[in-house]
There are 2 protein chains.
Amino acid sequence: MATTTLSEQLRVLDGPVDLTSYDSRATPGFAGSKKDQPDAMAALAAVLADRQERLYAAGAAGVGDRRVLLVLQGMDTSGKGGTIRHAAGMLDPQGVQVTSFKAPTPEELEHDFLWRVERALPSPGRIAIFDRSHYEDVLIGRVRALADPAEIERRYDAITAFEKGLVDDGCVVVKCFLHITPDDQLERLRARLDDPTKHWKYHPADVDERMLWPRYREAYEVALERCSTSYAPWFVVPSGRKWYRNWAVAQLLAEHLGALDLEWPTADFDVEAERERLDATATVGTQAGIGTRSTAPTA
Amino acid sequence: MATTTLSEQLRVLDGPVDLTSYDSRATPGFAGSKKDQPDAMAALAAVLADRQERLYAAGAAGVGDRRVLLVLQGMDTSGKGGTIRHAAGMLDPQGVQVTSFKAPTPEELEHDFLWRVERALPSPGRIAIFDRSHYEDVLIGRVRALADPAEIERRYDAITAFEKGLVDDGCVVVKCFLHITPDDQLERLRARLDDPTKHWKYHPADVDERMLWPRYREAYEVALERCSTSYAPWFVVPSGRKWYRNWAVAQLLAEHLGALDLEWPTADFDVEAERERLDATATVGTQAGIGTRSTAPTA
């Protein structure tokens with residue numbers, strides 16, 4: 001078993017990023033093939049359950065400020081939704097909040113581009129998942145020229161400063177770019193057209209965006225280069241194979257949660273005294289006559 | 001196989017409710033015993049996945065206004081959290097939002113008791129889960145006399161009117177009372193004290209509330225009687241056995257989603273024309289030179 005973590009294997013290195021050099025169907029870090037994935041996911045589920053509960057417990061007990069933000073970005077059909085269903089779906093929904101960022105509303109447009117993102121951040125103990133994110137403002141924002149070049153330029157630094165603040169504030173930021181090729185996308189869009197139960201997922205505008213693939217690729221490369229930092233690196237997740245993508249994002253989450261090395265909160269009460277108090281209530285609610293409907297409301 | 005649904009078996013009937021007459025360890029509607037539960041859950045997971053996706057698809061396609069609200073109420077340790085983890089955890093988190101209602105904040109107290117609940121309602125296609133709810137305002141509100149008796153009295157009718165509005169608005173309301181006995185609770189609170197990894201779930205105030213068990217039972221009985229309606233019935237879920245409770249709530253959800261009988265949204269575009277448009281983009285992004293870093297930003 002290699003001692004290298006998946007985080008180390010997938011993180012974007014310093015220097016120019018050339019997405020055409022990434023194999024979307026690679027399976028780095030996974031020992032085995034597709035048939036081994038269900039067992040790997042079951043094992044991960046147990047690990048995630050333990051680590052997420054420790055995080056949640058710390059939040060509930062008011063111990064520390066740790067929280068997690070999982071950012072999912074990728075071209076249409078790269079599988080942001082499927083990743084949420086299969087990877088985030090392994091988590092306890094009590095501690096998870098999913099936010100999908102669509103085209104900004106008029107109200108959102110009245111504010112800085114980070115405003116709507118700040119409102120969706122996790123509180124201590126929680127895991128927030130962003131289906132698209134503030135990165136759209138340097139992706140479609142750049143490709144479609146939704147802001148002038150100086151503003152787009154400003155945003156890269158604004159994003160890294162924002163993420164630095166998050167990390168300083170106890171938030172672990174896990175940014176996953178779900179990497180597919182134009183051929184992967186072609187196959188998946190065709191599959192949607194071929195299956196009437198998938199038509200609702202297809203939008204003619206997807207083809208318009210697809211025609212801008214080279215510009216999106218460039219916009220992603222710039223974003224990955226400029227906003228992959230030591231405190232909040234980007235991970236390029238090969239997403240041509242869905243089973244690998246789901247495992248990889250779950251594994252990245254598990255590694256980041258594990259790195260927090262959280263202890264269970266200790267009791268802030270006297271355990272023995274509480275045992276005695278509890279014992280004294282052993283027969284409560286079982287006595288006849290108390291609290292039956294003849295009792296008047298307390299007030 | 002009985003043709004009776006679990007919804008029919010667990011719903012509160014008209015007339016006085018006597019919670020002491022309910023067996024918390026009963027397993028109505030479940031064919032088999034604990035060892036059969038994992039298979040039953042796996043089967044339910046597939047059913048839920050299909051039905052939730054149809055709901056989500058309808059919401060995404062803007063077809064109809066169907067949505068679901070699952071309300072979980074019960075005494076401490078009845079397992080609201082465990083039910084969310086195990087039953088709601090079977091759902092796709094993209095379409096789920098969990099809200100835990102704690103003691104009202106000062107801002108919430110400035111508004112009518114339904115204000116904070118309205119802000120947490122599901123939008124079309126979504127499933128909202130309430131961990132506690134507006135019912136607290138006639139439960140702890142009544143037991144602890146947090147409002148005067150006339151206001152408590154007003155709230156029962158306000159709740160049924162509110163829920164009627166929700167149902168008229170396309171929202172399916174599934175209200176589950178997780179029923180345990182004082183003995184069940186005693187055993188679970190003791191288990192929390194015995195396990196240091198569970199200490200964070202224990203609060204000395206739990207014992208104070210426990211001492212008021214008879215009054216809580218009465219408050220629940222009144223709420224179940226007055227607010228179980230034809231359009232939004234209450235279900236009493238025996239919760240002395242956790243495995244049954246998890247299955248029962250998932251089954252109730254599945255039955256209610258199934259009753260919506262949702263079709264997949266039909267394409268609002270010309271499928272054949274889209275196939276041709278897509279085919280025309282077969283080589284996009286693979287041509288050399290386009291969109292490489294030498295290309296200036298679009299703007």
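Since this is a predicted model, take the numbers as computed values, not measurements.
Below 30°, between 30° and 60°, or above 60°: for A/W200 and B/W264 the angle between ring planes is below 30°, a parallel geometry.
Here CG of A/L278 is found 11.5 Å from CD of B/E187. Values are rounded to the nearest 0.5 Å. Between the CG atom of A/L189 and the CG atom of B/D279 there is a distance of 11.0 Å, given to the nearest 0.5 Å. Separation of atoms CG (A/L186) and OG1 (B/T283) is listed at 9.5 Å; rounding is to 0.5 Å.
B/R190 places no side-chain N or O within donor-acceptor distance of the main-chain N or O of A/R275, the cut-off being under 3.5 Å.
Ion pairing between B/D208 and A/R277 holds under the 4.0 Å rule for side-chain N and carboxylate O. Between B/E274 and A/R192 there is no salt bridge, since no side-chain N of the basic residue sits under 4.0 Å from a carboxylate O of the acidic one.
For a residue to count as touching a neighbouring chain, one of its non-hydrogen atoms must lie under 4.5 Å from one of that chain's; by this rule A/Y216 does not touch chain B. Looking at B/A88, the atoms closer than 4.5 Å to chain A (heavy atoms on both sides) sit in the backbone and in the side chain alike. Interface remark: A/D131 contributes side-chain atoms only to the contact with chain B (heavy atom separation under 4.5 Å). Both the backbone and the side chain of A/D194 come within contact range of chain B, with heavy atoms under 4.5 Å apart. When heavy atoms are compared at a cutoff of 4.5 Å, A/A57 approaches chain B by way of both its backbone and its side chain. Using a 4.5 Å cut-off between heavy atoms, A/P196 touches chain B through its backbone atoms (N, CA, C, O) alone.
With respect to chain B, the highest number of heavy-atom pairs below 4.5 Å among A/T20, A/V98, A/T281 belongs to A/T281. By number of non-hydrogen pairs under 4.5 angstrom with chain A, the leading residue of B/G81, B/A58, B/A49 is B/G81. Contact count against chain A (heavy-atom pairs under 4.5 Å) is highest for B/R210 among B/R210, B/H199, B/E272. The candidate with the highest count of non-hydrogen atom pairs below 4.5 Å against chain A, out of B/A280, B/A219, B/P204, B/G95, is B/P204.
Closest non-hydrogen pair, A/L193 versus B/V271, comes out as O-CG1, 3.8 Å. What you find for A/A282 and B/D183 is that their closest heavy atoms are O-OD1, 4.0 Å. Across A/P214 and B/G285, no two heavy atoms sit closer than the pair CG-CA, 3.9 Å.
At least one side-chain heavy atom of B/R85 sits under 4.5 Å from a side-chain heavy atom of A/Q94.
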